[in-house]
Protein chains: 2
Amino acid sequence: MSVKPTTIKEIAKLLDISVSTVSRALNDHPSIGLTTKMRVRKIAKELNYEPNQRAIQFLQGKSHTIGVILPELSESFFSAAISGIEEIAYKRNYTVLLAQSHDDADLEKVLLEKMKTQRVDGLLISVAKTTINFDHFEALNRLQIPIVFFDRIPAIKNIHSVASNLETGTYEAVSFLLKKGHRTIGMINGPTNMTSSAERKNGYIKAMTSHRLKYDPSLMIHTALTEEDTIQAMNTFIHHKRKPTAVVTFNDYVALFAMRYARSQNLKINKDIEFVSYANLPIIEYMENTPIASVEQFPFKQGQKAADILLDLINSPKPDNSTEQAWYKVVVESELVTGKNK
Amino acid sequence: MSVKPTTIKEIAKLLDISVSTVSRALNDHPSIGLTTKMRVRKIAKELNYEPNQRAIQFLQGKSHTIGVILPELSESFFSAAISGIEEIAYKRNYTVLLAQSHDDADLEKVLLEKMKTQRVDGLLISVAKTTINFDHFEALNRLQIPIVFFDRIPAIKNIHSVASNLETGTYEAVSFLLKKGHRTIGMINGPTNMTSSAERKNGYIKAMTSHRLKYDPSLMIHTALTEEDTIQAMNTFIHHKRKPTAVVTFNDYVALFAMRYARSQNLKINKDIEFVSYANLPIIEYMENTPIASVEQFPFKQGQKAADILLDLINSPKPDNSTEQAWYKVVVESELVTGKNK
DNA sequence: AATAATTACACAACCGTTTGCACAAAAATC
DNA sequence: GATTTTTGTGCAAACGGTTGTGTAATTATT
């Protein structure tokens with residue numbers, strides 16, 4: 001029926017010793033006698049004593065909490081990432097304060113404020129699509145709260161970042177198709193202003209040229225990733241003088257649109273035309289037609305890595321002396337996965 | 001270049017007044033003169049002063065934080081739910097401590113401990129599938145930390161809970177099919193030991209009988225929700241003397257399996273046989289064949305509701321006097337959605 | 001046996017903020 | 001002008017734990 005948690009004071013009073021002795025006994029401090037330690041621990045156990053983390057956090061000026069701001073947990077990339085982040089955080093005895101920006105720059109700013117007043121020890125963030133101003137991150141910098149940017153990385157310098165490079169995976173994907181005998185490979189890529197589009201493009205080109213094939217720009221179509229654009233792109237391919245026998249799509253949604261349209265045009269998937277995509281949808285394996293291979297970005301691993309770096313930053317000796325600080329810029333290589341995903 | 005956040009003390013020293021005056025000035029206490037208030041606020045703004053929440057939390061013995069333990073964020077039901085929870089929590093100025101149990105009872109217990117030592121003001125939990133022992137929740141009860149169980153509710157009494165009742169939605173779903181002219185409707189249900197299976201069953205039976213149709217138990221098949229079981233169930237239906245023209249499936253995965261098998265048996269989906277399912281997969285709308293209707297459980301709304309109740313519990317006057325406590329048992333009715341999901 | 005070293009504990013300050021109480025100065029009352 | 005009321009501010013305690021320093025009692029050293 002006890003209503004308030006046991007405190008160190010109560011234990012001290014019960015045993016008629018000082019609080020400092022109790023504290024040290026519980027922390028196995030060498031200057032406390034064995035008998036005293038035993039007595040203290042016995043009572044502590046009996047009373048279900050647990051140190052008040054809030055008090056400790058306050059005293060030490062450390063919250064032992066990291067803030068995580070992600071755009072959307074319903075995107076499987078991010079829900080996988082948060083699992084990786086959580087795992088590392090809990091393993092290293094940190095707590096995770098989560099918030100979703102829902103890709104809203106204003107909300108993101110509010111959340112950032114919240115994290116600041118909550119005195120998180122560090123922040124992990126994947127910025128909202130709409131974020132164009134990065135001034136509000138400065139406030140955290142001033143307070144020496146480290147930030148690790150993750151997956152969606154702003155185009156500013158002197159930041160820590162973890163992101164995947166899709167070039168490698170794309171290279172593998174295209175090489176894989178070439179090895180299967182394809183010679184005419186189309187790509188439905190994303191908007192040109194996205195760095196990830198460029199990575200895909202580079203991977204594609206490198207694969208082609210390193211196999212002594214000429215890069216044909218007309219087989220690389222940039223779209224806004226809508227169904228309409230995808231259909232248009234597919235249509236271009238189908239009526240192309242060099243009709244592709246394989247297509248690499250920007251993501252699984254695009255793959256779905258493309259495959260659906262291909263079927264509607266009486267193309268046999270995996271026979272007349274094969275698809276390779278990038279792993280976004282966990283459900284893809286249940287589908288009617290699935291890409292024959294997928295470029296995996298390992299969001300879980302990325303989350304782990306980012307969390308690890310952030311915690312390292314938090315616990316590293318302060319670089320107060322204004323010597324040049326080192327900026328983490330970790331690239332997690334993507335990888336082609338064939339057959340079963342994972 | 002300031003390294004540590006501004007404190008109230010610094011402001012006091014700067015203005016040569018006491019900290020209590022500063023505190024009261026910032027909190028708009030009536031006993032502070034207007035001029036003083038202005039002076040304090042001006043400096044506070046200049047120095048970017050923000051109250052140290054950790055200190056306040058400690059002082060007040062309130063963390064203003066709620067713990068949330070969910071099985072899996074990659075399940076869209078839960079990622080939608082957490083969004084609802086977050087929204088309410090932030091609106092009411094609470095912070096969310098998130099953890100996933102990954103459906104592991106042992107991990108769940110550890111996380112619960114963590115929440116306890118973190119002194120969360122309340123807990124929202126959807127229990128892991130494997131959880132069979134509920135003793136560890138007792139510890140939170142003893143500390144007067146309210147718990148609201150959510151969606152997956154343990155079969156114990158005297159708890160607060162929010163969950164959906166699938167009976168209504170199922171009733172609507174079956175009625176919908178009846179109205180479309182179907183008379184032989186199969187159901188691929190889940191394991192008999194799940195309450196949600198029973199809800200579905202009841203909804204089905206009620207719909208049939210209230211339309212003066214006899215309930216045929218041979219059209220209600222309980223499965224373990226695997227692909228294998230689903231195929232078997234579909235096979236039974238196909239060779240049934242009363243071959244169903246419509247099937248209600250336990251969830252979208254089952255619907256996928258069932259539709260795929262139906263196609264393989266040369267049945268035309270939406271012509272020879274129609275499907276109705278329960279909304280789990282956001283991606284369902286991209287699929288080759290989709291159920292013609294879906295029972296929606298409103299996870300976002302459920303999350304909101306659960307969070308609201310929890311915060312009400314936290315902020316309600318303590319029911320210390322051992323009068324009978326009221327237990328929330330909120331049921332969010334499910335609803336049939338046709339056409340576009342949402 | 002006197003001194004030095006060790007052991008085992010207590011005292012008190014501290015972290016940042018809130019808040020009950022005391023109290024001086026100014027204003028209002030008679 | 002003396003007394004009461006109001007207004008504005010300061011003092012100090014409290015929240016729960018950690019930690020540097022002081023010190024008595026015990027043990028070891030000579």
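The model shown is predicted, which means the values in this text are computed figures rather than measured ones. Within every chain, numbering begins at 1; the chains are lettered A, B, ... in the order of the sequence lines, protein sequences first and strands thereafter.
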Engineer: Take atom NZ of K116(A) as the centre, draw a 6.0 Å sphere, and report whether it contains more than 12 heavy atoms from other residues, nucleotides or ligands.
Structural biologist: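 More than 12 within 6.0 Å, yes.
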Engineer: Please state how far atom NZ in K62(A) lies from atom P in dT18(D), giving the value in whole angstrom units.
Structural biologist: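 Value for this atom pair: 17 Å.
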Engineer: dT18(D) C1' sits how many Å from Q57(A) CD, rounded?
Structural biologist: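 The distance from CD of Q57(A) to C1' of dT18(D) comes to 14 Å, rounded to the nearest Å.
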Engineer: Is I132(A) atom CD1 crowded by more than 12 heavy atoms from other residues, nucleotides or ligands, each under 6.0 Å away?
Structural biologist: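 12 or below, so no.
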Engineer: Can you tell me if E87(B) and Q304(B) form a side-chain donor-acceptor pair at under 3.5 Å?
Structural biologist: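 Looking only at side-chain atoms, Q304(B) and E87(B) do form a donor-acceptor pair, the distance falling under 3.5 Å.
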Engineer: With side chains defined as the heavy atoms from C-beta onward, is the minimum distance between T6(B) and I11(B) less than 4.5 Å?
Structural biologist: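 When only atoms from C-beta onward are counted, I11(B) and T6(B) do touch, with a gap below 4.5 Å.
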Engineer: Select base, sugar-phosphate, or nothing to describe what G33(B) touches, counting heavy atoms under 4.0 Å on all strands.
Structural biologist: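 Sugar-phosphate only.
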Engineer: In whole Å, I'd like the distance from the CG atom of L47(A) to the P atom of dG16(D).
Structural biologist: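 So the two atoms are 15 Å apart, to the nearest Å.
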Engineer: Are there over 12 heavy-atom neighbours, none belonging to K109(A), within less than 6.0 Å of that residue's NZ?
Structural biologist: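 No - once you tally the heavy atoms of other residues, nucleotides and ligands closer than 6.0 Å, there are 12 at most.
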Engineer: Could you run through nucleotides 10-19 of chain C and give me one letter per nucleotide, 5' to 3': B if any protein heavy atom sits under 4.0 Å from the base, S if only the sugar-phosphate is that close, - if neither?
Structural biologist: BBB-BBBBBB
Engineer: To the nearest Å, how far apart are R54(B) CZ and dG17(D) P?
Structural biologist: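 After rounding, the reported distance stands at 16 Å.
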Engineer: Whole-Å distance between dC15(D) C1' and Q53(B) CD?
Structural biologist: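 The answer, rounded to whole Å, is 16 Å.
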Engineer: Once you measure the plane-to-plane angle for H160(B) and W327(B), does it fall in the parallel (<30°), tilted (30-60°) or perpendicular (>60°) bin?
Structural biologist: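 Plane angle between 30° and 60°, so tilted.
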Engineer: I need the CD1-P distance between I32(B) and dT6(D), as an integer number of Å.
Structural biologist: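 The answer, rounded to whole Å, is 18 Å.
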Engineer: T36(A) side chain N/O closer than 4.0 Å to the phosphate oxygens (OP1, OP2) of dC9(C)?
Structural biologist: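 It does, given that an N or O in the side chain of T36(A) lies less than 4.0 Å from OP1 or OP2 of dC9(C).
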